[in-house]
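One structure below.
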Amino acid sequence: KQEGRNTYRLFRAEMHRQDHRRLALETALRNTAETGEGLAVHYQPLFDRDSGTLQGAEALLRWHPFEFGPVSPGDFIPLAERSGLILPLGERLMQLVAAQLRDWRTAGLTPPPIAINLSARQFWQGDLVDRVKALYREYDLPPGQIGFELTESILLDKHQQAVGTLEALRSLGCRLAIDDFGTGYSSLSYLQELPVTTLKIDRSFIQGLGENRGSAAIVAAVTGLAKELGLRVVAEGVETEAQRQALSRYHVNLIQGFLTGRPVDAATFARDYLSQLKA
Ligand code: C2E
Ligand code: CA
Ligand code: CA
Ligand code: CA
């Protein structure tokens, strides 16, 4: 019994420590949302599977608060979503990406389309389309220079209302991808009603290729469906040559993963991927 009580006390102490950290993180994140300090964007390249040419990049938020050292997106994005801070942080990310794109273009580089991740709260924010329009205008970006990635669950909820927003974004030339495809409870029939351009197969299925039949079956089904619907397919989380080989028999257009390129900061991205495209 005594031991039980000690365990309980330890448990309470641990809970307390975690609450404390969460609170401290949230305070720091609020500060970052206000000032932008400690925020950066990394870019991960997407390549055409067959030609190997650069076709795009995904913008990924990085947070390095002064008080803590780097915090992974897996930790701070959920916190940002719960607290609502994802709105100001997402706005900062869009401004950072757009400014970066303008700088690259001014320097004579030709950046490919960059995809930005949108959380549900951002997507359902009433003025998303106006913000995106303003961004294109303010930074003088060509149509399609910025696109978006959304998860299935966002679109599933109220998908009739989603269609209007997606169509408005499409009319700006934005590519629209469904992220982590296959992990949600897809009723696949809704796909044909959504004006999206791209499916990103979740990396869990890519990593399962060659390891279990289930993953191969899902990759075959998803890519077959995408082909029928005329959608581009991105395989994400490709880490090994064997995985890339295994993908060659499916309808896969683009490869994204540590095998072909990790997320890197803007300067590294320009040096490694953009300079050879310089006019
Ligand atoms: P995601 O959108 O699925 O992004 C892909 C994640 O997979 C990134 O993790 C990327 O670094 C990682 N990754 C890429 N290739 C490989 C690979 O070959 N192997 C493995 N193991 N991982 C790979 P990251 O940057 O830690 O981001 C995690 C998640 O946080 C993202 O998942 C996304 O849901 C969210 N996130 C990141 N940036 C933003 C943002 O600006 N806004 C929103 N709303 N969410 C974001
Ligand atoms: Ca994504
Ligand atoms: Ca993903
Ligand atoms: Ca994900």
Side-chain angles (χ1 to χ4, degrees), residues 29 32-33 36 38-47 49 56-64 70-98 100 113-125 128 131-132 135 146-155 174-184 186 196-209 211 222 232-244 246-247 252 254-266 268-269:
L29 197 58
T32 296
L39 219 53
V41 185
H42 280 193
Y43 297 86
Q44 185 177 29
L46 279 74
F47 295 98
R49 181 194 62 187
E58 179 174 3
L60 294 157
L61 206 50
R62 295 292 178 261
W63 185 38
H64 193 151
V71 182
S72 84
D75 287 333
F76 75 82
I77 294 287
L79 180 64
E81 287 172 342
R82 273 201 307 278
S83 60
L85 290 170
I86 194 69
L87 294 180
L89 288 170
E91 184 63 27
R92 283 197 177 275
L93 173 91
M94 284 206 227
Q95 299 284 339
L96 285 170
V97 170
Q100 184 63 69
I114 306 288
I116 288 177
N117 292 282
L118 287 182
S119 296
R121 279 175 109 127
Q122 294 173 276
F123 183 78
W124 292 114
Q125 202 181 9
L128 174 68
R131 281 165 188 274
V132 174
L135 202 68
I146 287 179
F148 298 97
E149 299 188 1
L150 309 114
T151 56
E152 290 166 83
S153 57
I154 297 181
L155 303 172
C174 301
R175 285 213 177 106
L176 303 174
I178 303 186
D179 208 353
D180 304 341
F181 192 76
T183 59
S186 309
V196 297
T197 56
T198 310
L199 294 187
K200 299 189 78 174
I201 307 179
D202 191 66
R203 76 160 179 265
S204 57
F205 305 117
I206 306 302
Q207 295 182 349
L209 276 180
E211 282 171 25
V222 168
R232 298 194 317 160
V233 173
V234 180
E236 21 168 43
V238 179
E239 292 183 348
T240 68
E241 196 50 56
Q243 287 162 359
R244 175 157 58 183
L247 288 167
V252 169
L254 306 175
I255 302 278
Q256 176 183 8
F258 293 171
L259 176 68
T260 47
R262 288 178 177 263
V264 290
D265 63 51
T268 307
F269 187 80

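Nothing here was measured: the structure is a model prediction, and the numbers come from that model. In each ligand, atom 1 is the first atom listed, and ligand 1 is the first ligand listed.
Using cut-offs of 30° and 60° for the angle between ring planes, the Phe269 and Tyr43 rings count as tilted.
Heavy-atom distances between Gln122 and ligand 1 reach below 4.0 Å in at least one pair. Residue contact annotation: Lys200 has no non-hydrogen atom under 4.0 Å from ligand 1. Close to ligand 1: Gly237, with a non-hydrogen atom less than 4.0 angstrom away. Heavy-atom distances between Pro263 and ligand 1 reach below 4.0 Å in at least one pair. For Glu58, the heavy-atom gap to ligand 1 drops under 4.0 angstrom.
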Evaluate the salt bridge (charged side-chain N to carboxylate O under 4.0 Å, His left out) criterion for residues Arg121 and Glu81: first the C-alpha distance (whole Å), next the side-chain angles of each, then the deciding distance (0.1 Å), finally the verdict. CA-CA 7 Å; Arg121 279 175 109 127; Glu81 287 172 342; over 6 Å; no
For Arg262 and His42, run side-chain contact (heavy atoms from CB on, under 4.5 Å): C-alpha distance rounded to whole Å, both residues' side-chain angles, the deciding distance at 0.1 Å, then the answer. CA-CA 9 Å; Arg262 288 178 177 263; His42 280 193; over 6 Å; no
Test side chain to side chain donor-acceptor pair (under 3.5 Å) on Glu91 and Gln95 and set out the steps. CA-CA 6 Å; Glu91 184 63 27; Gln95 299 284 339; 3.2 Å; yes
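The shortest N or O to N or O distance between Glu81 and ligand 1 is not under 3.5 Å. Between Phe258 and ligand 1, a contact under 3.5 Å exists for at least one N or O pair.
Between Arg203 and Glu236 there is no salt bridge, since no side-chain nitrogen of the basic residue lies less than 4.0 Å from a carboxylate oxygen of the acidic one. A salt bridge is absent between Arg175 and Glu149; no separation between the charged side-chain nitrogens and carboxylate oxygens falls under 4.0 Å.
Comparing heavy-atom distances from atom 14 (C) of ligand 1 across Arg121, Gln44, Met94 singles out Gln44 as nearest. Ranked by closest heavy atom to atom 37 (C) of ligand 1, the top entry among Leu118, Ile206, Leu60 is Leu60.
Heavy atoms from both the backbone and the side chain of Leu61 come within less than 4.0 Å of ligand 1.
Residue contact check: Asp180 has heavy atoms under 4.0 Å from atoms 3 (O) of ligand 1. Which parts of ligand 1 touch Gly257 is read off a 4.0 Å heavy-atom cut-off, strictly below it: atoms 15 (N), 18 (O).
Put simply, Glu236 gets within reach of the Ca ion (ligand 3), with an N, O or S atom under 3.0 Å from it. Checking Asp179 against the Ca ion (ligand 3), an N/O/S atom falls under the 3.0 Å cut-off.
Between the OE2 atom of Glu58 and the OE1 atom of Glu149, the angle taken at the Ca ion (ligand 2) works out to 90° after rounding to 10°.
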